[in-house]
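Okay, structure first, notes after.
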There are 2 protein chains.
Amino acid sequence: MSKSNNVYKDAYNRCLRLLDETRSLPSEPELGTLLGVSRTTVRTILARMEETGLIAWNKRAKTVLREPLPDDFFPEEETDTLAEIIERSFMRRLLAGGAEAGMQINELELAREIGVGTTSVREFLIRFSRFGLIEKRRNSHWVLKGFTRAFALELTEIREMFELRSAAAFAALPQDSAVWTDLDRLEDEHRQLANDIAARFTEFSELDERFHRLIHRASRNRFIVDFYDVIAMIFHYHYQWNKAQERERNEVAIGEHLVYIEALKSRDLGKVDAACRKHLKSARQTLLTSIPESRSLQKH
Amino acid sequence: MSKSNNVYKDAYNRCLRLLDETRSLPSEPELGTLLGVSRTTVRTILARMEETGLIAWNKRAKTVLREPLPDDFFPEEETDTLAEIIERSFMRRLLAGGAEAGMQINELELAREIGVGTTSVREFLIRFSRFGLIEKRRNSHWVLKGFTRAFALELTEIREMFELRSAAAFAALPQDSAVWTDLDRLEDEHRQLANDIAARFTEFSELDERFHRLIHRASRNRFIVDFYDVIAMIFHYHYQWNKAQERERNEVAIGEHLVYIEALKSRDLGKVDAACRKHLKSARQTLLTSIPESRSLQKH
DNA sequence: ATATTGTCTTTTATCGTGAAAAAACAGTTT
DNA sequence: AAACTGTTTTTTCACGATAAAAGACAATAT
């Protein structure tokens, strides 16, 4: 079992949805770009669709024979990349508690527990190390630094520095820049979400990420843009884990975002700065309160 | 050939130097901490030293029989880690030119060229990606972003942001903090180097790194501290590569450092800010002028 | 009692291997 | 001739295996 075919399975599922919508399929290369995979994978997908009687396929003639049924889809869990599987397992252990700062991380044990090879775990840990939660001892094991209060403070310090600068850069962007239409669209989505907050409050985290990424991109600095990956990762797990008053928190955040958006549109640097600070301060507060005392007392 | 024994060879060489200085050897565990290796490696070292007639070894009795000769040492190139070897090869290719932005990086080709396995190259690329010079396309190859003017500007922008903040934090440190003695020692080393600049100007780069790392550490923020790795890496290769007016540049930098150190010691935030800005501005200038026009015109 | 050595076990680092996926090339169709 | 399909080659991804190095444990010496 050297490599799972999750790329194919995921693309297959997405292709089924496409089929359901458009009731027809374009050429192989076009389908490739549409699904973000190579033509090799596209052909594997088409071959299977022919086999299961979804389509008739003869060279460029692709006829849809029936609509896709739930059974045609591959199970969701088979479409995840190994990296995602490892990350989830790792974060679950980390947040489930019992993961004290200073504890050492064993590659072999992790690999066995998750049921993957050591190479994948090693590569994951190397990639993960940039989040600042683990650290490698030279020719030795990894050490867990812990999801502590100190970590949250260091993270938010950088976030605030970067976002204030990005927001200022954003406000200074010329009128004809495409970001202003992006911002209008986001504003709209915020208003719609606010109007139906009771039912849709869980959708906020995704919107939040898109909004902040748009702002960070205005910095035109790869280090700032890339740093948002760290923030996004932390907030992603934080949202999953801390459900207390989620609705209220999100409602407040939407309000702050709208003020922030107005400030950006006014291009008044003073207003932008104030709105940005206010929002980041409450975001930090939310993150901090979600760290249990036992955790925050750990040494770093 | 699954794993080279460079850890042993490097520790062996360092142990020879120790032997030469102290003419005696401590216990195995102590030697282990001294050399930064496990006792297993220490015992391998001792076994070889006995074999080559350097020492007599019987349990805790270790008698030095003769002094180490140049021939006793392992060749320097056998003491490098694989990661170092790969990094050097990679950077040589990158700086040797012909490495245009947008060019794709081939793991297999790199591995074959350097004569190592693909796994090591992959791990290197993942680690290296945090420097912002390469980027991975999802389920596909790596892309070189190029050592461009844009890169240098983005790097220095963050550097300046971080160092100004760290310097301010440094100046605010209490009188009894250990950093002040570290700073005094560094000041001294700067003065000594300045006095013998003609002969020792190449030693500056190492001193420069220690000085800036001391300042960054005052931020007490892991992201700021870690970011210095990016700067250090770039400057390390930059120093090797751009030898134009090295002596003059270093002399100027030493002068700026001394003013900077005085400012820190005065604890006057205005002075600190000014000295820091001045030095970082000239550091940026040095880096920028070392990027040839052809490079700076590359798309990013 | 504590530190040190001898021995054994576990973990890390690296490679070669093979399947999945991408990419290149050549031949067809419109 | 431009875009598409069929076929072949190359590259990436992930694994198990193995030597180097670390670490654990028991026996021994101060």
Side-chain angles (χ1 to χ4, degrees), chain A residues 1-11 26-32 35-47 57-62 81-83 85-86 104-112 115-126 136-142, chain B residues 1-11 26-32 35-47 57-62 81-83 85-86 104-112 115-126 136-142:
Chain A
M1 195 234 293
S2 68
K3 190 181 177 181
S4 92
N5 54 356
N6 67 78
V7 172
Y8 153 67
K9 286 178 176 170
D10 180 52
S27 75
E28 294 172 16
E30 202 173 329
L31 205 47
L35 298 170
V37 295
S38 74
R39 200 157 68 82
T40 308
T41 306
V42 168
R43 287 174 66 85
T44 319
I45 291 171
L46 291 173
W57 178 30
N58 186 353
K59 306 199 170 171
R60 42 194 86 190
K62 304 178 197 81
T81 58
L82 239 204
I85 294 168
I86 297 174
Q104 79 184 57
I105 297 162
N106 188 319
E107 290 177 6
L108 202 61
E109 188 189 317
L110 247 179
R112 272 195 294 246
V116 298
T118 47
T119 314
S120 316
V121 170
R122 279 175 68 76
E123 289 182 4
F124 164 75
L125 291 171
I126 296 170
K136 178 125 179 78
R137 290 286 136 85
R138 206 167 167 291
N139 357 301
S140 187
H141 50 64
W142 291 86
Chain B
M1 194 235 293
S2 68
K3 190 180 177 181
S4 92
N5 54 356
N6 68 78
V7 172
Y8 153 66
K9 286 178 177 171
D10 180 53
S27 76
E28 295 173 18
E30 202 172 328
L31 205 47
L35 297 170
V37 295
S38 75
R39 199 158 69 82
T40 308
T41 306
V42 167
R43 286 173 68 86
T44 319
I45 291 171
L46 292 174
W57 179 31
N58 185 354
K59 305 201 170 173
R60 42 195 87 190
K62 303 177 198 81
T81 59
L82 238 205
I85 294 168
I86 297 174
Q104 79 183 59
I105 296 163
N106 189 319
E107 288 177 8
L108 203 60
E109 189 190 315
L110 250 177
R112 272 195 294 246
V116 298
T118 47
T119 315
S120 315
V121 170
R122 280 175 67 76
E123 288 183 5
F124 165 76
L125 291 172
I126 295 170
K136 178 129 181 72
R137 291 286 135 86
R138 207 166 165 290
N139 1 300
S140 185
H141 49 62
W142 290 87

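What you see below is based on every heavy atom in this structure, not just the backbone, and it leaves out hydrogens, waters and symmetry mates. Throughout, protein chains are lettered first and strands after them, A, B, ... in sequence-line order, and every chain is numbered starting at 1.
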[X] has an atom [atom1]; how far is it from atom [atom2] of [N], in whole Å?
X         : N       : atom1 : atom2 : result
Glu28(A)  : dG6(D)  : CD    : C1'   : 9 Å
Asn58(B)  : dG6(C)  : CG    : P     : 8 Å
His141(A) : dA24(D) : NE2   : C1'   : 13 Å
Leu125(B) : dC13(D) : CG    : C1'   : 14 Å
Arg43(B)  : dC25(D) : CZ    : C1'   : 14 Å
Asn106(A) : dA22(D) : CG    : C1'   : 12 Å
Arg112(A) : dA17(D) : CZ    : P     : 13 Å
Leu108(B) : dT9(D)  : CG    : C1'   : 12 Å

request  = Applying side-chain contact (heavy atoms from CB on, under 4.5 Å), name anything that partners Thr44(A), two or more places apart in sequence or on another chain.
outcome  = Tyr8(A)

task = Return the set of residues passing side-chain contact (heavy atoms from CB on, under 4.5 Å) with Arg138(A) (not counting sequence neighbours), or none when no residue passes.
result = Thr81(B)

ask   = On DNA chain C, nearest-nucleotide positions of Lys62(B) versus Val37(A): which is more 5'?
value = Lys62(B)

key: Counterpart residues, side chain to side chain donor-acceptor pair (under 3.5 Å), relative to Arg43(B) (two or more places apart)   = Glu28(B)

Check [X] against [Y] and note the closest heavy-atom contact, atom names and distance.
X         : Y         : value
Leu82(B)  : Ser120(B) : CD1-OG, 3.4 Å
Glu107(B) : Val121(B) : O-CG1, 3.9 Å
Ala11(A)  : Val37(A)  : CB-CG1, 3.9 Å

key: Dot-bracket encoding per residue of DNA chain D, Watson-Crick/G-U cut-off under 3.5 Å, | denoting interstrand   = ||||||||||||||||||||||||||||||

Could you list all N or O pairs between the protein and nucleotides 13-17 of chain C that sit under 3.5 Å apart?
from    : atom 1 : to        : atom 2 : distance (Å)
dA13(C) : OP1    : Lys136(A) : NZ     : 3.4
dA13(C) : OP2    : Arg122(A) : NH1    : 2.3
dA13(C) : OP2    : Arg122(A) : NH2    : 3.3
dA13(C) : O4'    : Lys3(B)   : NZ     : 3.2
dT14(C) : O4'    : Ser2(B)   : O      : 2.7
dC15(C) : OP1    : Gly117(B) : N      : 3.4
dC15(C) : OP2    : Gly117(B) : N      : 2.7
dC15(C) : OP2    : Ser120(B) : OG     : 2.7
dC15(C) : N4     : Thr119(B) : OG1    : 3.4

Protein-nucleotides 24-29 of chain C N/O pairs under 3.5 Å:
none

ask   = For the side chain of Thr41(A), counting heavy atoms from C-beta on, which of dA22(C), dT4(C), dG6(C) is nearest?
value = dA22(C)

task = Tell me which of Val42(B) and Ile105(B) sits closer to the 5' end of DNA chain D, going by the nucleotide each one is nearest to.
result = Ile105(B)

ask   = What nucleic acid atoms does Leu46(B) come within less than 4.0 Å of, heavy atoms only: base, sugar-phosphate, or nothing?
value = nothing

message = So Leu31(B), base contact, sugar-phosphate only, or nothing? Heavy-atom distance under 4.0 Å.
response = nothing

Spacing of Ile85(B) atom CD1 and Asn6(B) atom CG [to the nearest 0.5 Å] = 7.5 Å

query = Would you call Ile45(A) and Leu31(A) a side-chain contact if the rule is heavy atoms closer than 4.5 Å?
reply = no

request  = Could you check if a side-chain atom of Ser27(B) sits within less than 4.5 angstrom of a side-chain atom of Arg60(B), using non-hydrogen atoms only?
outcome  = no

Intermediate values then yes/no, side chain to side chain contact (heavy atoms under 4.5 Å, CB included), Ile126(A) and Phe124(B) = CA-CA 9 Å; Ile126(A) 296 170; Phe124(B) 165 76; over 6 Å; no

